[in-house]
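For reference, the structure discussed in these notes is given below.
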Amino acid sequence: MWRRRALGWLFICITSLVLLLVRLMQIQLIETKTFSKHNVNLLEESVKQRTQELVIDNGRGNFLDRNGAMLTHKKVAVLVLFPFLKKLDWKAKKVSEISGISEDVLKIAVEGAKKPFAFGEPQPVELTTSQMERINGLKIPGVFAIEKKFERSEVPAEQLIGLTGENPKELKNRYPNKELSEKTLLGVSGLEESFDEFLLPEGKSKLVYHVDGSGGPLFGINVKYVDPANPFYPVNVRTTLDKNLQQKADSLVDQYQIKKGGLVLLDIEDNSVLAMVSRPTINKKDPYSGGGVTNMMVKQQIVGSVFKTVVAAAAIDENLDDPTRLFDCSKKINGKQELKYNYGMLDFATSFSRSCNRTFGELAKELQKTNPHILEDYAAKLSLAGSVGWKGDVYHTSDFKQFADEDKGRVFLSDEARKDANFAAMSGIGQHEVRVTPIAVANMMATIARGGKKESVRAVSKIEYKNGTTMVDFPKQSIKGDTISPYTAMKLQKLLREVVLNPNGTGRWFKDLPYEVAGKSGTAETGKYEDGKQLHNKWFAGYFPYQNPKYVLVAVNLDVVDSEGGVNLLFADIVKMLYEKNHSNGE
């Protein structure tokens with residue numbers, strides 16, 4: 001009996017020992033980098049237990065403006081102190097004399113530290129180049145003056161640039177063949193998402209030292225600088241934004257209390273985004289609440305009378321712009337008497353400048369009789385239908401899109417609506433099912449200003465390696481498909497200018513600006529109400545200077561009760577700002 005029991009216990013012990021050995025092999029030999037369902041890197045974690053480090057740069061790529069200024073981060077010269085200094089006589093007085101920071105304050109900060117830190121974080125004390133050189137010249141172990149990368153609290157064009165976040169599951173789905181830490185930041189919106197694969201880190205730049213159980217130096221007081229092996233990373237994504245213009249545009253949008261909406265400012269020469277503002281802003285504590293993550297400038301909106309530009313283009317080509325023909329603008333689009341906007345009998349050009357709904361409703365119905373698809377055809381010619389952002393093949397990525405979250409514009413949703421005369425009339429004034437994005441409206445104005453040349457909109461000009469050489473170039477790109485003729489563009493240019501010159505025109509507010517403006521206003525009914533009052537989308541889209549176009553600007557205020565005053569003042573102030581900027585530069 002005792003022999004059987006002994007054999008049983010022996011079997012249990014041997015089995016347990018084998019299982020333990022298998023488990024140890026799994027941990028130490030087989031799954032050292034991908035342990036458990038969380039894919040924990042045990043080698044990294046074991047190193048972390050006996051090291052302390054200060055990350056100088058997380059290794060993710062950077063966004064620059066067109067002049068090379070950093071947009072999402074800033075590099076700050078800071079004083080870095082390590083906790084083991086509390087066990088040394090580290091010449092705090094000399095560091096104090098150079099930095100201007102009290103010796104006692106420095107010592108108190110070190111005494112309370114459990115890990116390396118940049119003095120003054122989260123708002124670190126910034127050192128001068130001279131101070132950096134002198135502090136590093138002291139060669140005190142554990143005291144360093146370095147440039148550290150910090151996130152900006154306020155990011156210019158925050159919706160355009162986008163957000164990053166940790167998402168281990170999405171990381172695995174997106175990059176199944178890459179060995180990446182679970183804590184690797186992923187782009188989840190905007191350009192951060194579009195360019196995510198290029199921005200992925202090759203490794204962190206950091207200061208590291210080894211510690212024992214009490215936190216003291218394990219291998220002496222030598223601190224090591226660890227840098228990714230690849231000298232070409234992290235990359236820089238050079239945007240087309242002008243940081244100074246962007247910051248001023250952000251400020252003006254808030255000054256005129258635009259709660260939902262924003263603006264798009266394009267450089268006509270290279271059809272690129274100089275500034276883009278979207279409101280509401282992103283809630284930093286809860287980014288996905290309140291709709292702030294959504295970039296309103298690339299999302300479908302009800303455009304209203306700005307769409308009359310499309311009807312005008314079709315009418316010109318179909319010879320429906322006879323200057324002797326008069327339209328009864330004392331009536332609404334449905335034929336009933338117009339009380340608020342009773343303009344009497346107007347010709348084609350005056351109807352456009354005063355934005356007579358009756359005229360363009362009638363013209364849309366006449367155009368629809370000749371061709372049910374004509375409004376959609378001309379919306380496409382003017383780049384309002386479809387998407388307008390730069391897209392193409394980049395490396396192994398086909399159909400790469402700079403604006404990953406851009407909506408496509410449309411005129412009709414159904415063939416039934418397309419063939420209905422009343423729906424055509426409503427569409428002719430930018431209502432019913434017509435939806436366009438502000439960036440597409442900006443591109444329409446740029447197309448007209450260039451005489452009919454239709455190009456994609458860029459927000460990024462190139463991706464650069466760390467050493468400044470070009471990794472990927474995003475050249476100017478034509479949009480495929482038909483466009484308007486130079487003759488039609490010329491006539492539209494005159495119509496858009498008359499909107500401003502006509503004493504009763506809807507753009508008369510801009511007549512005395514330092515740049516001559518051409519453009520079109522829009523007031524769209526949204527079908528939404530607040531306190532019993534109809535909400536509207538207020539627009540002004542235009543380009544300037546008229547004779548030598550350089551800029552396109554679209555300003556929009558969405559879901560508002562009041563008049564378009566905020567949009568007009570915003571548009572005017574941006575024009576003045578650009579004039580003053582160029583005038584001061586001697587342009």
Side-chain angles (χ1 to χ4, degrees), residues 41 43-60 62 70 72-155 164 166 181 183 185 201 203-228 234 284-285:
N41 190 319
L43 295 176
E44 286 185 357
E45 293 302 316
S46 67
V47 171
K48 284 180 182 178
Q49 286 183 351
R50 53 188 174 85
T51 61
Q52 289 190 350
E53 64 182 38
L54 177 74
V55 175
I56 300 169
D57 189 328
N58 65 8
R60 186 170 175 84
N62 307 299
M70 295 184 76
T72 54
H73 294 77
K74 59 182 178 180
K75 288 187 175 179
V76 180
V78 296
L79 174 64
V80 173
L81 302 173
F82 278 71
F84 65 71
L85 288 169
K86 66 185 72 173
K87 300 184 178 183
L88 306 174
D89 179 12
W90 56 281
K91 302 176 184 177
K93 185 176 181 181
K94 289 186 177 182
V95 177
S96 172
E97 290 172 353
I98 296 171
S99 66
I101 304 167
S102 164
E103 180 182 355
D104 290 338
V105 171
L106 287 172
K107 288 182 175 180
I108 291 170
V110 169
E111 286 296 326
K114 294 182 179 180
K115 58 184 180 179
F117 64 99
F119 182 84
E121 284 187 292
Q123 297 295 327
V125 173
E126 189 167 353
L127 304 175
T128 65
T129 303
S130 174
Q131 287 173 321
M132 284 183 66
E133 292 173 352
R134 292 166 64 195
I135 288 172
N136 288 331
L138 296 173
K139 296 183 179 180
I140 303 172
V143 177
F144 301 91
I146 60 168
E147 278 197 336
K148 187 177 184 296
K149 191 167 85 170
F150 292 88
E151 289 186 16
R152 291 187 184 277
S153 57
E154 298 294 332
V155 176
T164 59
E166 294 179 11
S181 165
K183 295 187 177 297
L185 291 176
K204 299 175 181 178
S205 298
K206 53 192 177 182
L207 294 173
V208 177
Y209 82 109
H210 298 276
V211 295
D212 58 23
S214 66
L218 187 61
F219 302 122
I221 54 178
N222 292 324
V223 176
K224 293 183 179 180
Y225 173 71
V226 179
D227 199 33
K284 303 298 188 297
K285 294 181 179 178

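Between the CD1 atom of Ile98 and the CD1 atom of Ile101 there is a distance of 11.0 Å, given to the nearest 0.5 Å. Distance check, rounded to the nearest 0.5 Å: CD1 of Ile56 to CD1 of Ile146 gives 4.0 Å. Annotation: the span from Met132 atom CE to Asn136 atom CG amounts to 6.0 Å, rounded to 0.5 Å. In this structure, Leu106 CG and Lys93 NZ are separated by 13.5 Å, a value rounded to the nearest 0.5 Å. The CZ atom of Arg152 lies 9.5 Å from the NE2 atom of His73; values are rounded to the nearest 0.5 Å. Expressed to the nearest 0.5 Å, how far CD1 of Ile135 lies from CG of Leu127 amounts to 5.0 Å.
The closest side-chain heavy-atom distance from Met70 to Lys149 is below 4.5 Å. Under the 4.5 Å side-chain criterion, counting only non-hydrogen atoms from C-beta, Glu154 is in contact with Lys284. At least one side-chain heavy atom of Phe117 sits less than 4.5 Å from a side-chain heavy atom of Leu81. Val76 has its side chain out of reach of Lys148: every pair of non-hydrogen atoms, C-beta onward, lies at least 4.5 Å apart. For the pair Phe82/Phe144, a side-chain contact is recorded, criterion being any heavy-atom separation below 4.5 Å from C-beta on. In this structure the side chain of Glu151 never reaches within 4.5 angstrom of the side chain of Thr72, judged on heavy atoms. At a threshold of 4.5 Å between non-hydrogen side-chain atoms, the residues Phe150 and Val78 count as touching.
Checking side-chain atoms of Ser205 against main-chain N and O of Asp57 turns up no donor-acceptor pair under 3.5 Å. Side chain of Ser99 to backbone of Val95: a donor-acceptor contact under 3.5 angstrom is found. At distances below 3.5 Å, not a single donor-acceptor pair connects side-chain atoms of Arg60 with backbone N or O atoms of Pro234. At distances below 3.5 Å, not a single donor-acceptor pair connects side-chain atoms of Glu126 with backbone N or O atoms of Ala77. Counting only distance, with no hydrogens or angles, the side chain of Lys86 and the backbone of Ala113 share a donor-acceptor pair below 3.5 Å. A side-chain donor-acceptor contact under 3.5 Å links Glu121 to the backbone of Ala118.
Smallest separation of non-hydrogen atoms from Asn58 and Lys204: O-CG, 3.7 Å. The minimum heavy-atom distance between Pro124 and Pro122, with the atom names listed, is CD-O, 3.2 Å. Of all heavy-atom pairs between Phe119 and Ala109, the closest is CE1-CB, 3.8 Å.
A salt bridge links Lys107 to Glu103: at least one charged side-chain nitrogen sits closer than 4.0 Å to a carboxylate oxygen.
Summarising the local packing, CD of Glu166 is surrounded by more than 12 heavy atoms from other residues, nucleotides or ligands at distances under 6.0 Å.
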